[in-house]
Amino acid sequence: MDWGTELWDQFESIDKYLQHGFDFGEKYSKFIKERCAIEQEYATKLRKLVKSYQPKKKDEERSMFSTHKAFQTQLSELNDIAGQHETVAENMMSNIFKESQIFFNEQKIEKKRMYQEGKSLQIALDKCEQNLEHTKKKFEKEWKDCERLQANFEKLDSDTNVTKADVEKAKHAWFAKKDVVEHCKQDYGAALETFNVDQHSHYSTRMPQVFQGYHAADERRILKIRDLMVEYAKIDKKVKPIIQKCLDGMETAGNAVDPKLDSSLVVEKLKSGFLIPGNKEFEDYTAASSLNPEDTQNGAAKDPESSGEFPEGEKKRSKSFTASQQNYKRSLKAKTLKLDQNLRHSVTANKKKIISMFKSSKENFPSAADYSHLPPEQRKKKLQRHIDDLSKEIAKQQDEKKAIVKMHGIYTANPALGDPTSLDAGQKAVDAKIDKLMTELQQYENWYTEAFGSLQSSPARNSAHYTTPVKVEPLAIQPQTQNKYVSICVSFFGDEFDELDDFPEPIGTCTALYDYEATSEGALSITCGQVFSLLEADNGDGWTRVMLGNSDGYVPSSYIEV
């Protein structure tokens, strides 16, 4: 349907209709803007939530359990979901909101131009019509004047009392007016013809072009809104598979929770290596009674009733005395148990205080280099970890030595590339470092062997230190009692005592930029987006040592961002 012919008299209404369409487009743009704000706010709150539940440094050891790993996976996937919501907000802002703003601003300018054009055409036609009305009214006025003059002439001509000169004068005025009427008639005819031509051109050519411009602008507006609505759905649809993949990852992580695995990890983490203590022997306090000093001095206490020293008349008094002695023993035992319980409560209440005192005085009581202050099982783990670290460092230094030797050969074959003697200092330093590491490795291997020997020789003897409550001594203890005191604290505080161990101190954090699958011993597999603790910076060989949870190793420096 053609707006120019169907709506030829609805110019103002069409202009208002198009304005309403543009207002609707701006309303839709406002909707997109508010949706973007909601998505951005939701993503921000999700990231804040994930950050608030990230494990603290003190909880890193517990991250080995399957429940903790599953929760960390859920946090990671939730963080990715937050990123998808940010992507939705960014794409909607750039692809819909900004584009719609540009489009509707341009269309408003175009509508204003078309309105001014249609208005000017309407004004021109109105002026032409006004000119026609003016000539018509003039022609009408002159014709009425001519008729009046004609009637006057006829009246005078029929009157016999009027002079001939008056009659001639009236006739002359009548004919003069007839000439004026003829000119006005011609002007009116020309104006009418001009108006009809303009009006026909106005409604058949000029205004239909304006209406066609309105029609095209309205169709562009409708198509643009359609495209924006489709783009809105596509942006949401595009992130749904990624969000679904994140949800699938959460489900997989939840299904990976294994109570048996966690139970075995608890055993592996808390196992001390000591044997269960045997039965305690009965201590007979009556065997060396202090009631008869002379008998005690002679080396044996006699039973008055069994020895026959008392007459039969004294047996009742002897039995009464024995019952009193048994009551005394029971009372003494009850007091001992109560004192023991009070001591346990006191030690538990001061646990945190003692740990903080241990931390503050760590310099006064440094941990032994061979980890002899730890239980056998924990000592074995520490020594094994140290041996593995030394082996990795030795392998790293040996690779560096091979590189230096290779470079030395290249410089020797082609002196133009460099001086071979410039590498001697570096090679000596690497050799010295390897010798030092080898010596240290040998020492730790010897300690490891000793740990296995001591573990098999007398495991039950030291286990008493970990099971018997002992009165808490002040920190000002003698060096020879230090190991015993540490053993007591290990028995009471369990894994909290591990906070006093010598863990490598991180020097910062880094983020994986790409996936990397470890193919050699000492390397660590990483996944894009993971955050690690930085243990050792790149020394020039292209590798960086990082730690994630309880695992540490070397990764390519180009694969991470510090």
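This one's a predicted model, so the numbers in the text were calculated from it and none came from an experiment.
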Run Arg221 and Asp218 through salt bridge (charged side-chain N to carboxylate O under 4.0 Å, His left out) and show every step you take.
CA-CA 5 Å; Arg221 174 191 68 85; Asp218 186 60; 2.9 Å; yes
Step-by-step salt bridge (charged side-chain N to carboxylate O under 4.0 Å, His left out) determination, Lys433 to Glu393
CA-CA 10 Å; Lys433 194 170 184 179; Glu393 185 63 24; 3.8 Å; yes
Closer than 4.0 angstrom, basic N to acidic O: yes or no for Glu182 and Lys178?
no
Under a 4.0 Å threshold between the charged nitrogen and the carboxylate oxygen, would Glu86 count as salt-bridged to Arg47?
yes
Have Glu99 and Asn95 got a donor and an acceptor in their side chains that come within less than 3.5 Å?
no
Do the side chains of Asp80 and Lys245 get nearer than 4.5 Å, heavy atoms only?
no
Charged N-O contact under 4.0 Å between Glu12 and Lys16
no
Is the cationic atom of Lys108 (NZ for Lys, CZ for Arg) positioned less than 6.0 Å from the six-membered ring centroid of Phe22 and within 45 degrees of its normal?
no
Look at Lys138 together with Asp187 and state whether they make a salt bridge at an N to O cut-off of under 4.0 Å.
no
Has the side chain of Gln530 got a donor or acceptor atom that lies under 3.5 Å from a matching backbone atom of Thr527?
yes
Heavy-atom distance under 4.5 Å between the side chains of Val210 and Arg206, does that happen here?
no
Angle between ring planes, His85 versus Tyr42, binned at 30° and 60°: parallel, tilted or perpendicular?
perpendicular
Check against side chain to side chain donor-acceptor pair (under 3.5 Å), Gln384 and Asp388:
CA-CA 6 Å; Gln384 183 63 53; Asp388 293 341; 3.0 Å; yes
Side chain proximity check, Ile526 to Tyr559, heavy atoms < 4.5 angstrom
yes
How about Leu534 and Val562: do any of their side-chain heavy atoms sit closer than 4.5 Å?
yes
Gln19, CD: over 12 other non-hydrogen atoms inside 6.0 angstrom
yes
Verify, without hydrogens or angle tests, whether Ser551 (side chain) and Met547 (backbone) share a donor-acceptor contact under 3.5 angstrom.
no
Describe, in one word, how the ring planes of Tyr115 and Phe11 are oriented to each other, choosing from parallel (under 30°), tilted (30 to 60°) and perpendicular (over 60°).
parallel
Measure across Gln72 and Tyr53 and return the closest heavy-atom pair with its distance rounded to 0.1 Å.
NE2-O, 4.2 Å
Is there a salt bridge (charged side-chain N to carboxylate O under 4.0 Å, His left out) between Lys119 and Asp126? Walk through the geometry before answering.
CA-CA 10 Å; Lys119 204 67 178 174; Asp126 291 342; over 6 Å; no
If you measure from the Lys or Arg side-chain nitrogens to the Asp or Glu carboxylate oxygens, is any gap between Glu110 and Arg113 under 4.0 Å?
yes
Nearest heavy atoms of His202 and Leu125, plus distance in Å
CD2-CD2, 3.3 Å
List in chain and number order the residues that pass salt bridge (Lys or Arg N to Asp or Glu O under 4.0 Å) with Lys48, two or more places apart in sequence or in another chain; answer none if no residue qualifies.
none
Donor-acceptor check, side chain of Ser13 to backbone of Gln10, threshold 3.5 angstrom: yes or no?
no
Pro556 vs Trp543 side-chain heavy atoms within contact, under 4.5 Å:
yes
Non-hydrogen side-chain atoms of Thr67 and Asp262 separated by less than 4.5 Å
yes
Beyond-backbone contact of Ile32 with Cys36, side-chain heavy atoms, under 4.5 angstrom
yes
Grab the two heavy atoms, one from Asp552 and one from Lys392, that are nearest each other, plus how far apart they are.
O-NZ, 3.6 Å
Applying salt bridge (Lys or Arg N to Asp or Glu O under 4.0 Å), name anything that partners Asp145, two or more places apart in sequence or on another chain.
Lys141, Arg148
Give a yes or no on this: more than 12 heavy atoms of other residues, nucleotides or ligands lie within 6.0 Å of atom CE of Met93.
yes
Looking at the rings of Phe31 and Tyr232, which for Trp means the six-membered one, are their centres under 6.0 Å apart?
yes
Shortest non-hydrogen contact from Gly249 to Thr73?
O-CG2, 4.0 Å
Report, as yes or no, whether the 6.0 Å neighbourhood of atom NZ on Lys224 holds more than 12 heavy atoms from other residues, nucleotides or ligands.
yes
According to the interplanar angle, ranging from 0 to 90°, do the rings of Tyr28 and Phe24 count as parallel (below 30°), tilted (30 to 60°) or perpendicular (above 60°)?
parallel
Please lay out, stage by stage, how Lys177 and Glu147 fare under the test salt bridge (charged side-chain N to carboxylate O under 4.0 Å, His left out).
CA-CA 9 Å; Lys177 182 60 67 177; Glu147 286 182 339; over 6 Å; no
Polar side-chain atom of Thr544 near backbone of Ala537 as donor-acceptor pair, under 3.5 Å:
no
Check the side chains of Gln130 and His134 for a donor-acceptor pair under 3.5 angstrom, ignoring hydrogens and angles.
no
Test your reading of the model: is there a side-chain donor-acceptor pair from Asp515 to the backbone of Cys528, 3.5 Å cut-off?
yes
Which atom pair, heavy atoms only, marks the closest approach of Met250 to Leu78?
CE-N, 3.4 Å
Would you say Thr194 and Cys128 make side-chain contact, with heavy atoms under 4.5 Å?
yes
Does Asp389 form a side chain to side chain contact (heavy atoms under 4.5 Å, CB included) with Arg545? I'd like the steps, not just the answer.
CA-CA 11 Å; Asp389 291 342; Arg545 186 183 177 192; 3.5 Å; yes
Counting distance only, does the side-chain N/O of Ser66 pair as donor-acceptor with the main-chain N or O of Asp258 below 3.5 Å?
yes
Which atom pair, heavy atoms only, marks the closest approach of Val546 to Ile560?
CG1-CD1, 4.5 Å
Is it the case that the side chain of Asn414 and the backbone of Ile410 share a donor-acceptor pair, with hydrogens and angles ignored and the cut-off at 3.5 Å?
no
Working for side chain to side chain contact (heavy atoms under 4.5 Å, CB included), residues Gln84 and Lys240
CA-CA 9 Å; Gln84 296 307 311; Lys240 292 300 180 184; over 6 Å; no
Would Met407 and Leu423 satisfy side chain to side chain contact (heavy atoms under 4.5 Å, CB included), going step by step from the backbone distance to the final call?
CA-CA 8 Å; Met407 188 63 66; Leu423 302 175; 3.7 Å; yes
More than 12 heavy atoms from other groups under 6.0 Å of NZ on Lys136:
no
